[in-house]
Amino acid sequence: MKYQAPANKQELMQRANTLTGTTVQQLANKMEVDVPESLVHAKGWFGNLLEQYLGAEAASAPEPDFINLGIELKTIPIAENGKPKESTYICVAQLEPAALSSWEDSLVKHKLTEVLWIPFEASKTIPVALRRIGSPILWKPDFEQERQLKNDWQELCDLIALGDVDKISSSMGTYLQMRPKAANASSLTIDKNQPGSNALTLPRGFYLRPSFTHSIISSN
DNA sequence: GCGTGATCATAA
DNA sequence: TTATGATCACGC
């Protein structure tokens with residue numbers, strides 16, 4: 001089962017609000033799918049289920065999930081202490097020289113134009129099916145948040161442009177970090193910023209640190 | 001392999 | 001306990 005795309009923001013929020021306080025099992029029942037015992041082999045399962053229920057359309061394209069609304073959908077796993085349990089994946093880190101200079105034209109900026117966060121319980125002690133879904137949070141980065149993200153993005157992209165992508169560590173970046181994003185550590189992609197031109201490197205992606213997403217969900 | 005959806009697992 | 005580095009699944 002898959003629902004139609006919402007016509008506007010209000011429709012999207014109404015639909016998201018129907019999930020508040022319900023369990024993963026209840027959503028799975030609506031969608032007529034089984035809940036996996038563990039997420040070890042189903043890491044993106046909940047995110048995909050939510051996309052189906054809310055009518056997201058972008059699928060695997062590098063665009064916001066609700067293209068017509070310019071809104072990205074993100075699930076946010078919450079630990080017992082009320083804080084995000086994981087960092088949030090945003091998008092692939094492009095290595096093409098042309099993608100390294102303009103924050104305004106970047107994938108990160110486009111993905112984070114407006115985000116619908118769906119918090120849910122992610123404690124290992126709670127069976128997946130019984131985890132509860134929280135209130136949706138519609139968020140846009142404010143001036144200060146965007147400034148911080150842009151700073152981190154620019155710093156990381158400058159290193160890539162200099163051919164130093166392999167010197168980038170996950171510990172860099174205050175709110176935005178760059179980490180491996182691949183099938184495994186043997187994956188390779190072309191890095192045209194190297195003098196040799198045909199250099200290969202591990203594919204990476206941009207992620208939001210939990211401290212950043214925590215500030216988002218706690219202020220709403 | 002690329003880009004999406006993410007969480008896992010272990011070193012620190 | 002936490003964050004880094006690695007990994008799982010899927011469509012194309």
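For the numbers below, each heavy atom of this structure counts, side chains included, while hydrogens, waters and symmetry mates do not. Below, chains carry the letters A, B, ... as their sequence lines are ordered, and counting in each starts from 1.
A sub-4.0 Å separation between OP1 or OP2 of dC10(C) and a side-chain N or O of K43(A) is absent. Phosphate proximity of dT4(C) to S87(A): absent, as no side-chain N or O sits under 4.0 Å from OP1 or OP2. For dT4(C), one of the phosphate oxygens OP1 or OP2 lies less than 4.0 angstrom from a side-chain nitrogen or oxygen of R209(A). Contact between the side-chain N/O atoms of H41(A) and the OP1/OP2 oxygens of dA9(C) is found at a separation under 4.0 Å. Using a 4.0 Å cut-off, some side-chain N or O of Y89(A) falls inside it from OP1 or OP2 of dT4(B).
Residue contacts for G44(A): at a heavy-atom cut-off of 4.0 Å it reaches a base atom on one of the strands shown. Residue P77(A) is in sugar-phosphate contact alone, with no base atom involved, counting any heavy-atom pair closer than 4.0 Å across all strands shown. Counting non-hydrogen atoms under 4.0 angstrom, E72(A) reaches the backbone sugars and phosphates but no base.
A donor-acceptor pair is defined here as one N or O able to donate and one able to accept, closer than 3.5 Å; no such pair exists between the side chain of N198(A) and the backbone of I190(A). No donor-acceptor pair closer than 3.5 Å links the side chain of D164(A) to the backbone N or O of I160(A).
Remark: the S170(A) side chain and the Y207(A) side chain contain no N/O donor-acceptor pair separated by less than 3.5 Å. In summary, the side chains of E155(A) and N151(A) do not present any donor paired with an acceptor at a separation below 3.5 Å, with no hydrogens or angles considered. Inspection of the S123(A) and R131(A) side chains reveals no N or O donor paired with an N or O acceptor under 3.5 Å.
Of the candidate nucleotides dT7(B), dT4(B), dG5(B), dG5(B) has the atom nearest to the side chain of K74(A).
Of the two residues near DNA chain C, S60(A) and S169(A), the one whose nearest nucleotide lies more 5' is S169(A). Mapped onto DNA chain C by nearest heavy atom, I168(A) and N81(A) fall at different nucleotides, with N81(A) at the one closer to the 5' end. Residue-to-nucleotide proximity on DNA chain B shows that, of I76(A) and A61(A), the 5′-proximal contact is made by A61(A).
On a pure distance criterion of 3.5 Å, a polar donor-acceptor pair joins the side chain of Y207(A) and the base of dA6(B).
Atom NZ of K85(A) and atom P of dT1(C) are 12 Å apart (whole Å). One interatomic measurement links the two molecules: CG of D65(A) to C1' of dG3(B), which rounds to 12 Å at whole-angstrom precision. Protein atom CZ of F206(A) is 18 Å distant from nucleotide atom P of dA6(B), rounded to whole Å. Residue L208(A) contributes atom CG, which lies 12 Å from atom P of dA6(B) at whole-angstrom precision. In this structure, CD of E63(A) is placed 21 Å from P of dG11(C), rounded to the nearest angstrom. Separating the CG atom of N48(A) from the C1' atom of dA9(C) is a distance of 9 Å, rounded to the nearest angstrom. Regarding L39(A), its CG atom lies at a distance of 14 Å from the P atom of dC10(C), rounded to whole Å. If you take CG of L95(A) and C1' of dG3(B), they are 13 Å apart, rounded to a whole angstrom.
Taken residue by residue, residues 106-120 of chain A places heavy atoms nearer than 4.0 Å to DNA chain B at K111(A), F120(A). In the region residues 170-195 of chain A, proximity to DNA chain C at under 4.0 angstrom, judged on heavy atoms, holds for S170(A), S171(A), Q177(A), R179(A), P180(A), K181(A), A182(A), A183(A), N184(A), A185(A).
Between E72(A) and K74(A) there is a salt bridge, with a side-chain nitrogen of the basic residue lying less than 4.0 Å from a carboxylate oxygen of the acidic one. Ionic pairing of K111(A) and E63(A) is not present here: no N-O contact between side-chain nitrogen and carboxylate oxygen is shorter than 4.0 angstrom. A salt bridge links R204(A) to D166(A): one of the charged nitrogens lies within less than 4.0 Å of a carboxylate oxygen. Of the charged side-chain nitrogens involved, at least one lies within less than 4.0 Å of a carboxylate oxygen, so that E104(A) and K109(A) count as a salt-bridged pair. Salt bridge K140(A)/E146(A): absent, no basic N to carboxylate O contact under 4.0 Å.
For R132(A) and F120(A), the positive end is not near the middle of the six-membered ring at less than 6.0 Å and at most 45° from its axis.
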